[in-house]
There are 2 protein chains.
Amino acid sequence: MKITCPVTMMNKGGYNTQSFTKENFIKLEELMYEQQVKRGEKIYWEGNNCSHLYYLKSGAVKLTKSSDEGKDLVLYHFQAGDLFGEIGDDSHILNSFSAEAMTDCSLGIIQQKDLETILWQNGDLAIEFMKWMGYMQRFTQTKLRDLMFFGKHGALASTLIRIANSYGIEEGNTIRLTTKFTNTEIADLIGATRETVNRMLNQLKKDEIIAYENGTIMIEDLERLKAICHCEGCPKNICRL
Amino acid sequence: MKITCPVTMMNKGGYNTQSFTKENFIKLEELMYEQQVKRGEKIYWEGNNCSHLYYLKSGAVKLTKSSDEGKDLVLYHFQAGDLFGEIGDDSHILNSFSAEAMTDCSLGIIQQKDLETILWQNGDLAIEFMKWMGYMQRFTQTKLRDLMFFGKHGALASTLIRIANSYGIEEGNTIRLTTKFTNTEIADLIGATRETVNRMLNQLKKDEIIAYENGTIMIEDLERLKAICHCEGCPKNICRL
DNA sequence: AGCGAGATGTGATGTTTATCACACCTGAAT
DNA sequence: ATTCAGGTGTGATAAACATCACATCTCGCT
């Protein structure tokens, strides 16, 4: 498969840590102790205490909620460079989602106590940290909007755009999604069934909005995709997986 | 209507500011300038810059998103004692929801710049503020879970429980919802139509899970309501409107 | 080369939810 | 007391989505 057009990475991938300055981020790094997690293992469970922050050095992590019936809803995908975790008021606050390693991961773990100490000492860092939390909140809000407003078609369209922002490279006026997603994975991201996702994707293909090349999805007509979910053009650090 | 049982307020109502100590909250109050807003007016619009924090001294506010087709989704209800607003990384970040006064309101407004200054100076306050943001994030996540997981019936059940936590008083083993909600208002909270909500509420009445008394809803069987949305027993400061 | 697990594609059918249409009810304002 | 706007109740119908049941297609592994 020959690539004839200049290839530009649309997004570094993860890096929701961009609100931190280099110097301040180093201070955070000094608090981390490293841990390796194998693909498929849980980093934390819903219902457990939340008292840690995690920096994903390498690998990929998803935040999921599973119902008793075995349904899964995937809230976030984190990539190398992302920070995640839930901050509790005190130790009795429980996680509402689980974090699961999608690939082997290398993590930096920060204790909430250590985090609080350094935020207390360092006002700059505290403000940057607050901005990071603001991003996370806005991400969740826009995800809720995308899932609720324009049906499963809208949810799928917005998710494809989010995938493009997270994992896409431009090739001429198309976008190649460099990571493969199964129908089931996409279904879990939008709270739909595999079959529904499959039918919708085939419809998009028929309409020449997307195409398949070697099993990876190409976005052929971003504008029509945006129209389906009434895209508001959120910044890429929010419009992501 | 005679009340024969001891009446206990289940929740003060608003007060998502409970992560702040009195002394620190006073420091926040010193930054506020007051503004009055009339019922029905917008406090801010989606698409506007977000650079303010709002403290609701009295009245009620809802955060809404409206689609071009005229559908409305209501994300939060705020009451006296609540803090709200969206924090942006820098001035080019836009609100994703609008804030609208549901009654005449008295607001204390804090400029983001002033907030940053005081957080920078005061580590305790920064940590408490971070915890407040954590609450907001967890609220949004649980709301997303409730809306997505168990259909419209589940969304309605969880919303009734949230209303009970925000506006309910116990009367024996029933809970009286002290505020009236129209079918349309509930529909906007769960992303459904008025008709669907009406039919579901009548079904709950038939099943003796709820009852009407003078037009206000009484929750007669909280346990069965919890079963419908597979309630996980989140703390009341998160399980609210 | 061929086996087998996991992924995809698709019809038939059922459930859930929205849409449309209209009757009725209630309460505040004239 | 009448009017009228906004809320409620309910049937008929349609659209969206899930479920079930298979057939088929990958692709890594022996």
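Protein chains get the first letters and strands the later ones, always in sequence-line order, with residue 1 at the start of each. Values below: all heavy atoms of this structure, side chains included; hydrogens, waters and symmetry mates excluded.
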Side-chain H-bond candidate by donor/acceptor type, Thr64(A) with Glu100(A), under 3.5 Å: no
Those residues that, when tested against Lys38(A), pass salt bridge (charged side-chain N to carboxylate O under 4.0 Å, His left out) (two or more places apart): Asp104(A)
Closest-nucleotide ordering on DNA chain D, the 5'-leading residue of Met200(A) and Phe181(B): Phe181(B)
By side-chain contact (heavy atoms from CB on, under 4.5 Å) - contacts of Ser106(A) (at least two apart): Glu34(A), Gln36(A), Lys57(A), Ser58(A)
N or O in side chain of Asn183(A) less than 4.0 angstrom from dT8(C) OP1/OP2: yes
Where protein sits on nucleotides 18-29 of chain C, one letter per nucleotide: B base, S sugar-phosphate only, - none, heavy atoms under 4.0 Å: SBB---------
Pairs meeting criterion side chain to side chain donor-acceptor pair (under 3.5 Å) with involvement of residues 145-164 of chain A, two or more places apart: Thr142(A)-Arg162(A), Asp146(A)-Ser158(A), Asp146(A)-Arg162(A)
Whole angstrom value for the distance that separates P of dG7(D) from CG of Asn202(B): 17 Å
All ring-ring contact (aromatic ring centres under 6.0 Å, His included) counterparts of Phe181(B), not counting sequence neighbours: His77(B), Tyr167(B)
Interatomic distance where CG belongs to Leu147(A) and C1' belongs to dC17(D) [whole Å]: 15 Å
Partners meeting side-chain contact (heavy atoms from CB on, under 4.5 Å) with Ala187(B) (sequence neighbours left out): Val197(B)
Between P of dA16(D) and NE2 of His153(A), the distance in whole Å: 7 Å
Below 4.0 Å: OP1/OP2 of dA7(C) and any side-chain N or O of Asn198(A): no
Separation of atom CG in Asn214(A) from atom P in dT8(C), rounded to whole Å: 15 Å
Nearest-Å distance for atom pair CE/P, residues Met148(A) and dT17(C): 11 Å
Axis deviation across the helix from dA1(C)-dT30(D) to dT30(C)-dA1(D), five-pair ends, to the nearest 10°: 30°
Among Gln79(B), Lys62(B), Glu185(B), Arg39(B), the one residue meeting side chain to side chain contact (heavy atoms under 4.5 Å, CB included) with Met102(B): Lys62(B)
Salt bridge (Lys or Arg N to Asp or Glu O under 4.0 Å) contacts in which one or both residues fall within residues 63-73 of chain A, not counting sequence neighbours: Glu46(A)-Lys65(A), Lys65(A)-Glu232(B)
Contacts of type salt bridge (charged side-chain N to carboxylate O under 4.0 Å, His left out), residue Arg199(A), not counting sequence neighbours: none
